[in-house]
Amino acid sequence: MTGAARFDPAVADIRWQRRWDDERCFIADTDSAKPKSYVLEMFPYPSGRIHMGHVRNYTMGDVLARYRRMQGFEVLHPMGWDAFGMPAENAAMERGVHPDGWTRSNIAAMRDQLKRLGFALDWSREIATCDPEYYGHEQALFLDLYDAGLVYRKESEVNWDPVDQTVLANEQVIDGKGWRSGAQVERRKLSQWFLKITDFADELLDGLGALDDWPDKVKLMQENWIGRSDGLRFRFEAAVQGASRGYPWIKAALSQSPRIDVFTTRPDTIFGASFVAVAPDHPLARAVAAENPDAAAFIAECKAGGTSAADIETQEKRGFLTGVEAVHPLDRDWRLPVWIANFVLMDYGSGAIFGVPAHDQRDFEFATRHDLPIRRVVARPDQDADTPIGDEAEPGEGVIVNSRFLDGLSVDEAKQAVIRRAQEEGWGSRKKAYRLRDWGVSRQRYWGTPIPMIHCSSCGPVPVPRDQLPVLLPQEVTFDTPGNPLDRNDAWRTTICPKCSGEARRETDTFDTFVDSSWYFIRFASQPVDRPFDKADAEKWLPVDQYIGGVEHAILHLLYARFWTKALKRIGRLDIDEPFKGLFTQGMVTHETYRGNDGRWIGPDEVRADENGQLIDAAGAPVERGRVEKMSKSKRNTVDPEPIVARHGADAVRWFMLSDSPPERDLEWSEAGIEGAARFVQRVWRLAAGCGEADGQDPDLERKAQRTIAAVGEAIEGLQFNKAVAQLYELVSAIEKAKPSATRTQAVRTVVKLAAPMAPHLAEECWEVIGGEGLAVDQKWPEFDPAMLVEDEVTLAVQVNGKLRDTLTAPRGLDRAEAEALALSSEKVQRQLAGAAPRKVIVVPDRLVNIVA
RNA sequence: GCGGACGUGGCGGAACGGUAGACGCUGGGGACUUAAAAUCCUCUUCCCUCGAAAAGGGAGUGCGGGUUCAAAUCCCGCCGUCCGCACCA
């Protein structure tokens with residue numbers, strides 16, 4: 001039997017995609033009797049066109065979804081759109097389009113692109129977070145959390161652009177300046193809505209222990225992010241420095257804050273304290289600033305620059321001496337100066353610390369700058385109490401010195417001793433502190449889910465009654481001035497208080513888009529019209545068995561989704577502990593960068609090589625090859641998948657995405673790579689098209705095929721697609737070399753099935769040409785006979801002193817003495833030994849003999 | 001600043017502590033062809049011995065130590081690169 005000379009993806013792809021659609025292959029049946037498998041990739045932001053990163057991500061998920069389906073699972077593999085967010089507003093400002101229209105046309109375009117790649121998706125469950133049918137339910141869930149006491153309002157800092165008079169996202173702050181205005185950004189306080197994720201800190205932390213199918217690195221990152229640490233919370237009594245007596249701000253400060261609460265994870269170093277420092281937001285700092293213009297000026301300086309952790313923590317450590325003193329709790333005569341310091345965070349612990357310069361690097365830098373004492377209180381075995389501290393702090397273990405009743409104790413013993421004493425004497429207690437902060441969900445933006453609250457001047461904030469949901473985003477908005485258009489939309493903003501019926505105004509902030517993505521996987525599983533999800537249906541599918549996405553979401557999105565799930569469980573809405581049973585974080589797609597003489601970036605499609613191999617641009621000017629970097633618009637090193645798919649077909653692109661690079665690492669896009677993949681697709685096609693019926697057995701090929709079935713299955717289970725690809729190359733080569741036989745014909749069928757999850761259109765075309773029944777997509781995943789995997793003969797590696805000297809073929813199952821005798825009979829071994837008797841011989845059965853001379 | 005990862009031929013990468021470099025790409029040589037494309041065969045870590053081939057020897061997994069009969073793999077210390085840091089998604 002012979003088919004067409006070439007596999008033509010332009011025809012085949014569309015044909016089979018239509019067929020799968022007609023047969024409703026990928027519609028998930030919630031009532032199926034089969035075991036379920038929920039495969040999910042992180043849904044995309046509809047930026048306009050899909051990029052190679054999407055193709056890689058969705059190809060991986062697709063391979064797994066199709067593989068599970070062939071294994072007999074009822075598979076849920078849905079797709080949707082994370083459709084709210086800033087880019088739509090930016091487009092509105094720059095191009096005068098409406099965010100809604102812009103987003104919806106992007107979705108339409110990207111949906112077509114995804115369909116062109118032949119993913120096994122259940123499009124009947126498609127959702128977009130900007131649909132009121134989605135975000136209305138989200139508003140209802142938020143109100144459920146509000147009713148459960150998990151929502152509250154507090155002041156929080158935002159980046160404020162004083163020229164544009166608008167709030168900026170961290171990414172809009174560049175080197176401390178606004179991205180459009182270029183003005184120095186300030187930190188400003190706004191009253192905002194928060195979710196009590198810290199209530200779940202222990203659950204979120206302890207839950208990580210059961211996530212066996214998550215990468216260790218992600219669990220570790222979440223653990224560090226939650227940052228639970230044990231320590232001592234205690235208070236310093238505030239006093240007045242002699243010379244400062246009579247300054248008005250001291251009195252104000254003391255009346256405001258007669259005690260200063262501090263938290264420390266190192267109570268053992270309490271005798272090494274040389275100062276106390278409070279955050280610029282601390283009540284004591286504010287009280288001082290109210291009376292002292294210099295302090296106010298210092299605090300204002302601290303407010304300059306962005307709110308991001310990297311911005312704040314890389315600032316130089318600076319302080320302002322208040323004149324207030326703190327009384328050391330273990331010695332009433334010992335006074336510590338109290339500073340306002342820019343490196344103390346109000347959000348962690350109690351917003352105040354005691355500084356131990358000898359054993360904390362930040363305190364060390366601060367003390368050095370302000371000429372404060374640096375006293376050693378921990379000594380390593382090679383040090384004593386008088387060893388001076390070098391040019392950096394010593395945070396490590398040791399024995400306590402210079403610390404009165406603690407001297408001679410270990411760090412740990414001293415911690416316990418101090419905590420015990422504090423509790424006995426009543427000035428402090430053991431306390432856990434978390435780095436995790438509550439989740440601020442308010443955004444001062446239009447294109448997001450409206451927060452369903454109403455502000456009434458007499459009743460305060462009042463939830464929108466359920467029967468008034470969804471609170472719709474108004475369509476009539478303008479973007480001609482910076483800031484949130486909802487604030488200027490009086491018609492929308494003005495409403496009636498549900499409680500007192502007085503005039504009130506709507507909350508004009510919208511949700512952080514992470515709220516939208518914190519429950520979409522539940523809505524995929526169950527989408528009734530009248531409520532967010534049906535509990536029983538959602539629980540049939542959840543948890544997601546395999547979740548796949550970028551490692552950039554390792555902390556925030558994944559933590560928020562876990563929190564949301566646990567919160568729904570607490571309020572009785574969903575009996576699921578963890579949303580994602582398995583997690584995989586894939587690497588990025590990268591590409592070489594190119595620059596012209598003038599330093600401007602040049603896109604790969606404008607670069608070609610001239611006859612001498614010199615790279616030139618479209619105008620013939622020389623181009624310099626830069627480093628390989630993540631594809632990004634700014635570096636112009638993106639490759640648009642669409643023309644590549646049009647040229648090589650979906651399967652070649654999919655195949656290339658899976659080849660070579662391990663999926664967790666970066667993949668470098670290359671022309672040669674995609675061409676190699678396209679060649680392989682044709683090679684498989686030729687193999688199938690040229691394969692006829694034949695008789696006879698081929699045991700070697702049979703064994704190879706069986707091994708490949710085992711290896712490819714194992715590789716896909718472990719999401720090691722590059723290994724699955726390599727295995728298929730080997731089997732295809734072996735079949736090509738083999739003479740016609742019944743075994744060979746069978747092996748071709750095996751190849752088609754093994755390749756089906758990765759190159760599904762090719763598989764259908766091949767399946768048809770070799771006369772397979774039904775569709776390739778519906779075939780059962782092939783089974784293998786474990787007995788067939790074992791070879792009768794093994795290759796023994798023979799080493800002398802750990803160096804390979806010979807390899808010998810031996811029957812399997814040789815005992816130690818036989819293996820040793822065989823190894824010693826080797827001429828090469830004898831030459832190495834040169835007559836010397838072996839001192840020791842190590843035998844690893846069926847693998848290796850190492851002779852130690 | 002804090003946190004996380006990664007580092008193996010010309011390139012992407014394989015390798016339960018046990019034969020380093022599977023498989024792919026690139027490149028060289030050859031076959032088929034009037035020619036090209038396509039396809040197929042073959043070689044391709046580096047250095048040395050050798051006229052050549054066969055064969056042999058040495059070195060080698062970022063750098064420096066250590067554990068072990070045996071280390072790409074485990075431990076300690078460096079160096080380099082990348083990613084995240086709460087309002088990008």
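Below, chains carry the letters A, B, ... as their sequence lines are ordered, and counting in each starts from 1. Predicted model, so just to flag it, every value in this text is computed and none were measured.
- Taking the P atoms as reference points, rG24(B) lies 12 Å from rU42(B), given to the whole Å.
- Remark: Glu552(A), His553(A), Leu556(A) in residues 550-559 of chain A come within less than 4.0 Å of RNA chain B through at least one heavy atom.
- The existence of a salt bridge linking Glu41(A) and Arg56(A) is excluded, since no basic side-chain nitrogen approaches an acidic carboxylate oxygen closer than 4.0 Å.
- Pairing analysis of RNA chain B (Watson-Crick: purine N1 to pyrimidine N3 plus N6-O4 or O6-N4; G-U wobble: N1-O2 and O6-N3; both under 3.5 Å) yields stems of 3 or more pairs at B:1-7 with B:79-85, B:10-12 with B:23-25, B:27-31 with B:39-43, B:45-49 with B:55-59, B:62-66 with B:74-78.
- Taking atom C1' on both rU26(B) and rC82(B), the two are 26 Å apart, rounded to the nearest angstrom.
- Taking the nucleotide of RNA chain B with the nearest heavy atom to each of Ala726(A) and Asn801(A), the more 5' of the two is matched to Ala726(A).
- Taking atom P in both rC43(B) and rA53(B), the straight-line distance is 14 Å, to the nearest Å.
- A donor-acceptor contact shorter than 3.5 Å links the side chain of Asn850(A) to the backbone of Gly802(A).
- Classification of Arg228(A) and Glu223(A) as a salt-bridged pair fails, no side-chain N sitting under 4.0 Å from a carboxylate O.
- Screening residues 439-448 of chain A for salt bridge (charged side-chain N to carboxylate O under 4.0 Å, His left out), with sequence neighbours left out, gives Arg443(A)-Asp512(A).
- Side-chain contact annotation: Trp225(A) with Tyr434(A), donor-acceptor N/O pair under 3.5 Å absent.
- Of the residues in residues 729-739 of chain A, Tyr729(A), Glu730(A) come within less than 4.0 Å of RNA chain B through at least one heavy atom, sorted by number.
- Using a 4.0 Å heavy-atom criterion, one finds that Lys828(A) contacts the sugar-phosphate atoms exclusively.
- If you check the side chains of Thr508(A) and Asp487(A), you find a donor sitting under 3.5 Å from an acceptor.
- Checked against the 6.0 Å centroid threshold, Phe584(A) and Tyr547(A) do not count as a close aromatic pair.
- Not less than 6.0 angstrom separates the ring centroid of Trp564(A) from the ring centroid of Tyr520(A).
- Here Gln727(A) lies out of heavy-atom contact (under 4.0 Å) with every strand.
- A gap of 34 Å separates the P atoms of rC78(B) and rC88(B), to the nearest Å.
- Checked against the 6.0 Å centroid criterion, the rings of Trp439(A) and Tyr560(A) qualify as a close aromatic pair.
- Salt bridge Glu186(A)/Lys303(A): absent, no basic N to carboxylate O contact under 4.0 Å.
- Between Val844(A) and Pro44(A), it is Val844(A) whose nearest contact on RNA chain B lies nearer the 5' terminus.
- Checking side-chain atoms of Asn159(A) against main-chain N and O of Thr307(A) turns up a donor-acceptor pair under 3.5 Å.
- Between Glu316(A) and Arg362(A) no salt bridge is recorded (no basic side-chain N to carboxylate O distance below 4.0 Å).
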Tell me which donor-acceptor pairs under 3.5 Å the side chains of residues 658-670 of chain A have, and how far apart each pair is, sequence neighbours excluded?
unit_1    : atom_1 : unit_2    : atom_2 : d
Ser659(A) : OG     : Trp655(A) : O      : 2.6
Ser661(A) : OG     : Asp666(A) : O      : 3.2
Asp666(A) : OD1    : Met588(A) : N      : 3.0
Ser670(A) : OG     : Gly673(A) : N      : 3.0

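- Close approach of RNA chain B to chain A, defined as any atom under 4.0 Å from a non-hydrogen atom of the protein, starts and stops at rG1(B) to rA89(B).
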